[in-house]
2 protein chains.
Amino acid sequence: MHFSIGELSKQTGVKVPTIRYYEKEGLIDPPVRTEGNQRRYRETDRERLRFIRHSRDLGLPMPAIRDLIELSQHPDKPCHEADRIASDQLKSIRERIVHLKKLEAELARIATSCRGDHTVTQCNVLKAFGDHSQCLDNH
Amino acid sequence: MHFSIGELSKQTGVKVPTIRYYEKEGLIDPPVRTEGNQRRYRETDRERLRFIRHSRDLGLPMPAIRDLIELSQHPDKPCHEADRIASDQLKSIRERIVHLKKLEAELARIATSCRGDHTVTQCNVLKAFGDHSQCLDNH
DNA sequence: CTTGAAGCTCTAGTCGCTATAGGGATTAGA
DNA sequence: TCTAATCCCTATAGCGACTAGAGCTTCAAG
C-alpha cells in the first residue's frame, strides 16, 4: 500500500533522482512522508509515473505530458487535445526520420569514400566533412 | 582579407555567439584583434568554421569534430581515424532511425485510436499513453 | 543495538548553444 | 567633424531532462 521511492523506482523503471525531479517539476504530487521525512507512495502515484515514463519513452516533451496530466484530471472534457498532442508528436517524429535519412545517405557516401588507407591530406572523408557542396542534399 | 565576426557569421551561417563559443571551446583559433579589441578573421578561419558547421549539420558531436581537427593538423598521418568517426556516426544515425520508426509505429496506432470525439475518461489516446502493454514493441 | 543500505536536501554538471545586460568600437552619412 | 546606427565586447544565466556528488539522516534486518 505505502512504498518507498526505491520501490517505486523498481516498479516503474524510473530512477530515484528522476522521480524526485518530477515531483519538483510538478508532474507527480508530493507524497506523504514518514516521521523521518521519507516519501511513501501509493498505487495512484505508480500509475501516474508509468504514464509519464511511457509518454517520455514515446518522445513526448515534458510540457506535453503536463498538458495530458492536466487533461486527465477533467474526465468530462472532450479529448481533442490528447489527440492533437499525439498527432503533433507523430508529425515531429516523422520529420526527424526524414532528416536523419538524409544524413544517413550523406554519411554512407562519405564513409565509403575512403578506406582509411590514405594519409590525411588525401582523405576523402575529411574533404567531405569540410565541403558541403559535395553533398547531394541540403541536410 | 580581414573580416569581422559578423561577416564571418554571414559567410558561414554560424551565429555570432556560436563562433565565440567555438573559440572558447578551442575548436577555432583565437583570431587577431583590432586596437579596439574586435576579432578579425581570415580565409583559413572561414574554412575551419565551415568544416565545423558541416560536421555539426551531419550530426557529429563536438568531441568527434575536435578529433577530426586534431587529425587534420597532421597531414602525413593515416586517416583510419576519420574513417572510423564517419562510420560511427553512420551507425549511430541508423540506430536512431530504427528507434524513431518504432515510435512512429506506436504513435500512428495511438493517434488513430480516438478521433477526439470522446470525453477524457473514454479517450483511447490517454489510455495508450498510460499503458505500455498495449504496445506492439518494446520501444 | 548495530550496521549497512537506502533515503534526504542542495548544488553543480551534462550538451550545444542562445539570450540578455551593460557597456565600447566602428562606420556611413550629414 | 560630429553623430547616429550598427556592430562588437565580456560575462552570466538559461534551455531540457535529467545525472552525479557531497554530506547528512533514517530505516530495517539480524
Side-chain angles (χ1 to χ4, degrees), chain A residues 1-28 30-41 45 48-49 51-69 85 88-89 92-93 96 99 103 139, chain B residues 1-28 30-41 45 48-49 51-69 88-89 92-93 96 99 103:
Chain A
M1 189 69 203
H2 277 245
F3 37 91
S4 71
I5 197 169
E7 191 53 35
L8 181 62
S9 171
K10 252 177 237 162
Q11 291 188 25
T12 57
V14 179
K15 290 185 187 151
V16 169
T18 307
I19 297 175
R20 289 197 277 248
Y21 168 73
Y22 287 160
E23 181 184 328
K24 190 154 65 71
E25 293 299 304
L27 289 187
I28 54 182
V32 296
R33 302 272 186 144
T34 63
E35 290 199 353
N37 201 34
Q38 299 197 353
R39 293 167 177 83
R40 288 297 177 269
Y41 295 93
D45 299 311
R48 167 70 65 87
L49 195 50
F51 181 93
I52 296 170
R53 163 102 216 253
H54 192 215
S55 305
R56 289 289 307 127
D57 284 350
L58 287 166
L60 292 197
M62 282 177 61
I65 298 177
R66 224 181 284 274
D67 289 350
L68 288 176
I69 289 172
I85 288 173
D88 282 0
Q89 177 63 8
S92 138
I93 282 183
R96 278 149 72 193
H99 181 65
L103 298 195
H139 40 90
Chain B
M1 188 72 199
H2 279 243
F3 37 91
S4 71
I5 196 167
E7 189 55 32
L8 181 63
S9 171
K10 253 177 234 160
Q11 291 187 26
T12 58
V14 180
K15 289 184 186 154
V16 169
T18 306
I19 297 174
R20 289 196 276 251
Y21 168 72
Y22 287 160
E23 182 185 328
K24 190 153 64 73
E25 293 300 304
L27 290 186
I28 55 182
V32 296
R33 301 273 186 144
T34 64
E35 290 199 353
N37 200 34
Q38 299 195 354
R39 292 168 179 83
R40 288 297 178 267
Y41 295 93
D45 299 310
R48 167 70 65 87
L49 196 49
F51 181 94
I52 296 169
R53 164 101 215 254
H54 192 214
S55 304
R56 288 290 307 129
D57 285 350
L58 287 166
L60 292 197
M62 283 177 61
I65 297 178
R66 223 181 285 273
D67 289 349
L68 288 176
I69 288 173
D88 282 359
Q89 177 62 9
S92 138
I93 282 184
R96 278 149 73 193
H99 181 66
L103 298 195

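Letters A, B, ... are given to chains in the order of the sequence lines, protein chains preceding strands, and every chain is numbered from 1.
- Between L27(B) atom CG and dC15(C) atom C1' there is a gap of 13 Å when expressed in whole angstrom units.
- When rounded to the nearest whole Å, the span between NZ of K24(A) and P of dT19(D) equals 14 Å.
- Computed from coordinates, the E7(A) CD to dA6(C) C1' distance equals 12 Å when rounded to whole Å.
- Mapping P61(B) and G36(B) onto DNA chain C via the closest heavy atom, the residue that lands nearer the 5' end is P61(B).
- The main-chain N or O of I69(B) is never found under 3.5 Å from a side-chain atom of R48(B) such that the two would form a donor-acceptor pair.
- Residue N37(B) has its side chain nearest to dT10(D) when only dA17(D), dT10(D), dC17(C) are considered.
- S55(B) contributes a side-chain N or O that, together with a main-chain N or O of F51(B), makes up a donor-acceptor pair within less than 3.5 Å.
- Atom P of nucleotide dT10(D) and atom CD of E23(B) are separated by 8 Å, given to the nearest angstrom.
- In this structure, the nucleotide among dG7(C), dT19(D), dG16(C) sitting nearest to the side chain of P17(A) is dT19(D).
- Place R40(A) and P63(B) on DNA chain C by their nearest nucleotides, and R40(A) ends up nearer the 5' end.
- Here the nucleotide nearest the side chain of Y22(A), chosen from dC17(C), dG7(C), dC18(D), is dC18(D).
- Comparing dC17(C), dC8(D), dT9(C) against the side chain of R33(A) picks out dT9(C) as the nearest.
- Distance from the side chain of T34(B) is smallest to dA25(C) among dT10(D), dC8(D), dA25(C).
- Atom NZ of K15(B) and atom C1' of dC7(D) are 18 Å apart (whole Å).
- Remark: side-chain polar atoms of Q38(B) are not paired, donor with acceptor, to backbone N or O of S4(B) under 3.5 angstrom.
- Look at OH on Y21(A): it is 13 Å from C1' on dT14(C), rounded to the nearest Å.
- When heavy atoms are screened at a 4.0 angstrom cut-off, R20(A) is found touching base atoms of the nucleic acid.
- Residue R39(B) has a polar side-chain atom (N or O) positioned under 4.0 Å from OP1 or OP2 of dT10(D).
- Atom CD1 in I28(B) sits roughly 12 Å away from atom P in dC17(C) (whole-Å rounding).
- In this structure, F3(B) places its CZ atom 16 Å from C1' of dC7(D), rounding to the nearest Å.
- Distances shorter than 4.0 Å separate none of the side-chain N or O atoms of T18(B) from OP1 or OP2 on dG16(C).
- Which of dC18(D), dC27(D), dT10(D) sits closest to the side chain of Q38(A) comes down to dC27(D).
- Comparing dA17(D), dC17(C), dC8(C) by their closest approach to the side chain of I5(A) singles out dC8(C).
- A 4.5 Å side-chain heavy-atom check between V32(B) and H2(B) finds at least one atom pair inside the cut-off.
- A heavy-atom distance below 4.5 Å is found between the side chains of I19(A) and Y41(A).
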